[in-house]
Amino acid sequence: MKRILGIAVTMLVLAPSAVLAAPHGKPGLWNITTTMQMAMPQLPPEAMAMMKSRGMKLPGMGGEPVKTQICMTKEEIDKDAISRMQAQNQMNCTPRILKQSANSVESEIVCRGAMEGTGRSQVSWRGNDHYEGSYNFKGAMRGQPHQMSTHYTGDWVKADCGTVKPFKFPAKPH
């Protein structure tokens, strides 16, 4: 139960937040909107109850956009693709850039291990204060068929993050 929940939450966070580690962007507070559709094994009722008690909604259940705020530091933005690749490697995934221009990037990710399959993503930037992208993955998690389609946007809000702590990539799921 914890493993499936951990992987699902990691995927929710990983796709849009990894984009901010690219050389585009400004340090500060970002509004992120993510809409996911997922086809995966049903979570056990106790996992759903725990998520509901914490005010969490699993993406793909109702298709409602998930809105979050993250704080990015200059150091995190300057790390470029290194942070994104380190985070994906934590899930035994190997990313590869397929096509890149000054304002967009297309990539592929191949995962082996608890999560097996292939994903494709694309993101485009409008200046340093907005991005938009999508991520599609098809494969299996712990032997169960899994398919995910994600669309996300990010908008810079302001330089001062207030009470929002700087973003840290999720720990490797166990």
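Because the structure is a prediction, the values reported are computed rather than measured.
Interatomic distance, Q100 CD to S107 OG, rounded to the nearest 0.5 Å: 9.5 Å. Taking CD from E108 and CD1 from I97, the interatomic distance works out to 12.0 Å, rounded to the nearest 0.5 Å. Once rounded to the nearest 0.5 Å, the distance linking NZ of K165 with OG1 of T73 reads 13.5 Å. Rounded to the nearest 0.5 angstrom, T33 OG1 and H151 NE2 are separated by 10.0 Å. Interatomic distance, CD1 of I32 versus OH of Y131, reported as 3.0 Å (0.5 Å rounding). Note that CG of L29 is 4.0 Å distant from CD of Q69, once rounded to the nearest 0.5 Å.
Residues meeting the side chain to side chain contact (heavy atoms under 4.5 Å, CB included) test with E116, sequence neighbours left out: R112. Applying the salt bridge (charged side-chain N to carboxylate O under 4.0 Å, His left out) rule to R126 yields no partners; only residues at least two apart in sequence or on another chain are considered.
Side-chain polar atoms of S149 and N136 form a donor-acceptor pair below 3.5 angstrom.
Under the 4.5 Å side-chain criterion, counting only non-hydrogen atoms from C-beta, M148 is in contact with M36.
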In residues 157-164, what donor-acceptor pairs under 3.5 Å come from side-chain atoms, sequence neighbours left out?
| residue | atom | partner | partner atom | Å |
| --- | --- | --- | --- | --- |
| D160 | OD1 | G162 | N | 2.9 |

* To do: For side-chain contact (heavy atoms from CB on, under 4.5 Å), just list the numbers for Y135 and V123, CA-CA rounded to whole Å, side-chain angles, deciding distance to a tenth of an Å, and then say yes or no.
  => CA-CA 9 Å; Y135 177 75; V123 63; over 6 Å; no

* Trace of the side-chain contact (heavy atoms from CB on, under 4.5 Å) decision for H146 with K138 -> CA-CA 6 Å; H146 176 76; K138 187 172 185 177; over 6 Å; no

* Candidate pair C111 and I109, rule side-chain contact (heavy atoms from CB on, under 4.5 Å), full reasoning -> CA-CA 6 Å; C111 299; I109 184 168; 4.1 Å; yes

* Asked: Does the pair H130 and W125 meet the rule for a side-chain contact (heavy atoms from CB on, under 4.5 Å), with working shown?
  -> CA-CA 6 Å; H130 175 82; W125 293 270; over 6 Å; no

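Side-chain N or O atoms of W156 include one that pairs as donor or acceptor with a backbone N or O of P27 at under 3.5 Å.
Scanning all heavy atoms of the two residues, the minimum distance from M115 to F137 falls at CG-CZ, 3.7 Å.
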